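Taking it in order: structure first as structure tokens, then the write-up.
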Amino acid sequence: MNPGSEIEYEIPYVVRVHKSGRVERLQGTETVPPCPSGDPASGVASKDVVLDRAASISARVYLPAAAAAEPSKKLPVVVFFHGGAFMIHTAASPIYHKYCASLAAAAPAVVVSVDYRLAPEHPVPAAYEDAFAALKAVVSSCRPDGAEPWLAAHGDASRVVLAGDSAGANMAHQTAARLRKEGVEGYGDEVSGVALLHSYFWGKEPVGGEPTDAAIRGGIDRVWEVACGGELGLDHPYINPMASAPPEERRRLGCRRVLVATAELCWFVERSRAYAEGIAACGWDGELEFHETKGDGHVYFLLKPDCDNAAKELAVVADFVRRC
């Protein structure tokens, strides 16, 4: 046997790590190209850009047809972080390309789908560092002399929404929390909104109706262990913000509105419910919206984008963006 092919460990359906150090991603490697001239069906144009060359932050930017119809009109900007357990997928993954284009058209908004460093090669908090760098680059580009032309012409820096699904929702939360603490020079310490879709939060002890079976929990625990390189526990604020943060810390979320969307059969539905309840109870003075889809599971809207429930959830997110 080739020594380089020996397996060190595997996260089923996610990654396989070989003793040689080679990482084999078991899904999320397929990509689709952008459509700079506009998608024939939706009219949404897209392109791949470098947001921050020094920090090596790239993204796929989506511009809705509404921008061409009203060239002088400013649109909300959605900074979107894709999911994938911090380990798989990119902004060019087919499911994320379709979702971001659909959101850009539905809102309408300029959507910036961010690529970030993936674990296990780059453990958390590398993804958080890239997310914050991306936010800074986006708000800078929304200025009239901004480096990214679509954002400079159409992006409204006063209407920025941080959004993501699963691990990306985790990143959106962490980015908003860091924004309140550190701020961005020339911008401030809050965005207009945060949309958390089927958030990847977890913890050592079961919450609500979560499974108590050791084997089931152990499998989910292992995902976080690999994502963070074994350096951060299950009740670290990065993965369990509600258990770890005191109420006064929860109140310091850097946004004016929060949307928490989840699904009845999502692996992390109890965490989303607890997050929304915690935000509501801590004295935060922003606007909270909660949406739970019945009968569907984790990120079903990516896997079944044309189903009725997915259309309803997209409408909820688009409406939230419009109101931000």
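Computed from a predicted structure; not experimentally measured. Because only heavy atoms are used, hydrogens play no part in the values below, and waters and symmetry mates are left out as well, while side chains stay in.
- Here the two rings, on His173 and Tyr275, have centers that are under 6.0 Å apart.
- With ring centers used as reference points, Tyr99 lies 6.0 Å or more from His82.
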- Task: Under the side-chain hydrogen bond (donor to acceptor under 3.5 Å, both in side chains) rule, what do Tyr200 and His298 come out as? Steps first, then yes or no, please.
- Result: CA-CA 10 Å; Tyr200 171 40; His298 188 59; over 6 Å; no
- Message: Is there a side-chain contact (heavy atoms from CB on, under 4.5 Å) between Val79 and Val114? Walk through the geometry before answering.
- Response: CA-CA 7 Å; Val79 183; Val114 178; 3.9 Å; yes
- Message: Please determine whether side-chain hydrogen bond (donor to acceptor under 3.5 Å, both in side chains) holds for the pair Glu292 and Thr262, giving the CA-CA distance in whole Å, both sets of side-chain angles, and the decisive distance to 0.1 Å.
- Response: CA-CA 5 Å; Glu292 183 174 322; Thr262 187; 5.9 Å; no
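- Inter-residue side-chain proximity for Leu151 and Val110 is flagged as met; some heavy-atom pair is nearer than 4.5 Å.
- Side-chain atoms of Asp165 come within 3.5 Å of backbone atoms of Gly83 as a donor-acceptor pair (strictly under, hydrogens ignored).
- Of the charged side-chain nitrogens involved, none lies within less than 4.0 Å of a carboxylate oxygen, so that Lys204 and Asp235 do not count as a salt-bridged pair.
- Here the shortest heavy-atom pairing between Ser93 and Gly28 reads OG-O, 3.7 Å.
- In the hydrophobic cluster analysis, where Ile, Leu, Val, Met, Phe, Trp and Tyr join through side-chain heavy atoms closer than 4.5 angstrom, Val61 is grouped together with Leu162.
- Under a hydrophobic-cluster definition in which Ile, Leu, Val, Met, Phe, Trp and Tyr are linked whenever side-chain heavy atoms come within less than 4.5 Å, directly or via other members, Leu51 and Val160 are assigned to the same cluster.
- The two residues Val161 and Ala195 make their nearest non-hydrogen contact at CG1-N, 4.2 Å.
- More than 12 non-hydrogen atoms from other residues, nucleotides or ligands lie less than 6.0 angstrom from NZ of Lys294.
- The closest side-chain heavy-atom distance from Val258 to Leu253 is below 4.5 Å.
- The cluster map of Ile, Leu, Val, Met, Phe, Trp and Tyr, joined by side-chain heavy atoms under 4.5 Å apart, puts Val112 and Val321 in different clusters.
- Shortest non-hydrogen contact noted between Ala85 and Ala227 is O-CB, 4.0 Å.
- Using a 4.5 Å heavy-atom threshold, the side chains of Thr31 and Pro94 count as separate.
- In this structure, His198 has its ring center closer than 6.0 angstrom to the ring center of Phe301.
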- Message: Run Arg273 and Glu264 through salt bridge (Lys or Arg N to Asp or Glu O under 4.0 Å) and show every step you take.
- Response: CA-CA 10 Å; Arg273 292 168 178 163; Glu264 181 183 19; 6.0 Å; no
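- Arg16 places no side-chain N or O within 3.5 Å of a backbone atom of Glu10 that could act as its donor or acceptor partner.
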- Message: One pair to check against side-chain contact (heavy atoms from CB on, under 4.5 Å): Arg60 and Lys47. What are the steps and the verdict?
- Response: CA-CA 6 Å; Arg60 181 164 290 186; Lys47 64 179 178 179; over 6 Å; no
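- At a cut-off of 3.5 Å, with distance as the only test, a side-chain donor of Glu313 or Tyr300 sits close to an acceptor on the other residue.
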- Message: Glu210 vs Trp267, test: side-chain contact (heavy atoms from CB on, under 4.5 Å). Steps then yes/no.
- Response: CA-CA 8 Å; Glu210 281 182 352; Trp267 306 319; over 6 Å; no
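- Using a distance-only test at 3.5 Å, with no hydrogens or angles considered, no donor-acceptor pair links the side chain of Gln174 to the main chain of Phe132.
- The two residues Tyr62 and Ser113 make their nearest non-hydrogen contact at CE1-CB, 4.0 Å.
- Neither side chain, Ser199 nor Arg271, offers a donor N or O lying under 3.5 Å from an acceptor on the other.
- For the pair Trp150 (side chain) and Ala45 (backbone), a donor-acceptor distance under 3.5 Å is absent.
- The shortest distance between side-chain heavy atoms of Arg180 and Glu190 falls below 4.5 Å.
- Separation of atoms NE2 (His89) and CG (Leu302) is listed at 8.0 Å; rounding is to 0.5 Å.
- Ring to ring, Tyr116 and His122 are not that close: their centroids are 6.0 angstrom or more apart.
- Between the side chains of Glu6 and His18, no donor-acceptor pair is found at a separation under 3.5 Å.
- Proximity of a side-chain donor or acceptor of Arg257 to a complementary backbone N or O of Glu287 within less than 3.5 Å is not detected.
- The shortest heavy-atom contact between Cys142 and Val77 is SG-CG2, 4.0 Å.
- Taking the six-membered ring where the residue is Trp, the centroids of Phe268 and Phe201 are separated by 6.0 Å or more.
- One distance of note links CG of Leu197 with CZ of Phe81; it measures 12.5 Å at 0.5 Å rounding.
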- For Thr293 and Asp296, what are the C-alpha separation, side-chain angles and deciding distance, and is it a side-chain contact (heavy atoms from CB on, under 4.5 Å)? CA-CA 6 Å; Thr293 299; Asp296 270 307; 4.2 Å; yes
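- Here the straight-line distance linking atom CD of Glu205 with atom OG1 of Thr212 works out to 11.0 Å at 0.5 Å rounding.
- Using a 4.5 Å heavy-atom threshold, the side chains of Ile57 and Asp115 count as separate.
- Side-chain contact between Phe320 and His291 is absent, with no heavy-atom pair separated by less than 4.5 Å.
- Residues Met87 and Leu118 have side chains not in contact (no heavy-atom distance under 4.5 Å, counting atoms from C-beta outward).
- Note: Phe80 and Tyr96 have tilted aromatic rings, judged against thresholds of 30 and 60 degrees for the angle between ring planes.
- Between the side chain of Arg222 and the main chain of Ile11, no donor-acceptor pair closer than 3.5 Å is present.
- The side-chain heavy atoms of Phe86 and Asn170, taken from C-beta on, include a pair separated by under 4.5 Å.
- The structure places CG of Leu259 at 8.0 Å from CZ of Arg323, a figure rounded to the nearest 0.5 Å.
- Atom CZ of Arg143 is separated from atom CD of Glu148 by 14.5 Å, given to the nearest 0.5 angstrom.
- Ser140 places no side-chain N or O within 3.5 Å of a backbone atom of Lys136 that could act as its donor or acceptor partner.
- At distances below 3.5 Å, not a single donor-acceptor pair connects side-chain atoms of Glu225 with backbone N or O atoms of Gly230.
- The line from CG of Leu234 to CG of Asn240 is 8.5 Å long, rounded to the nearest 0.5 Å.
- Using modelled atom types, one side-chain atom of Glu270 and one backbone atom of Gly209 make a donor-acceptor pair closer than 3.5 Å.
- Linking ILVMFWY side-chain heavy atoms closer than 4.5 Å, directly or via other members, places Tyr187 and Val78 in two distinct hydrophobic clusters.
- Within the 3.5 Å criterion, the main-chain N or O of Cys324 finds a donor-acceptor partner in the side chain of Arg159.
- Val124 and Tyr9 fall within a single hydrophobic cluster, where Ile, Leu, Val, Met, Phe, Trp and Tyr are joined by side-chain heavy atoms under 4.5 Å apart, directly or via other members.
- Nearest heavy-atom pair across Ile88 and Val14 is CG2-O, 3.5 Å.
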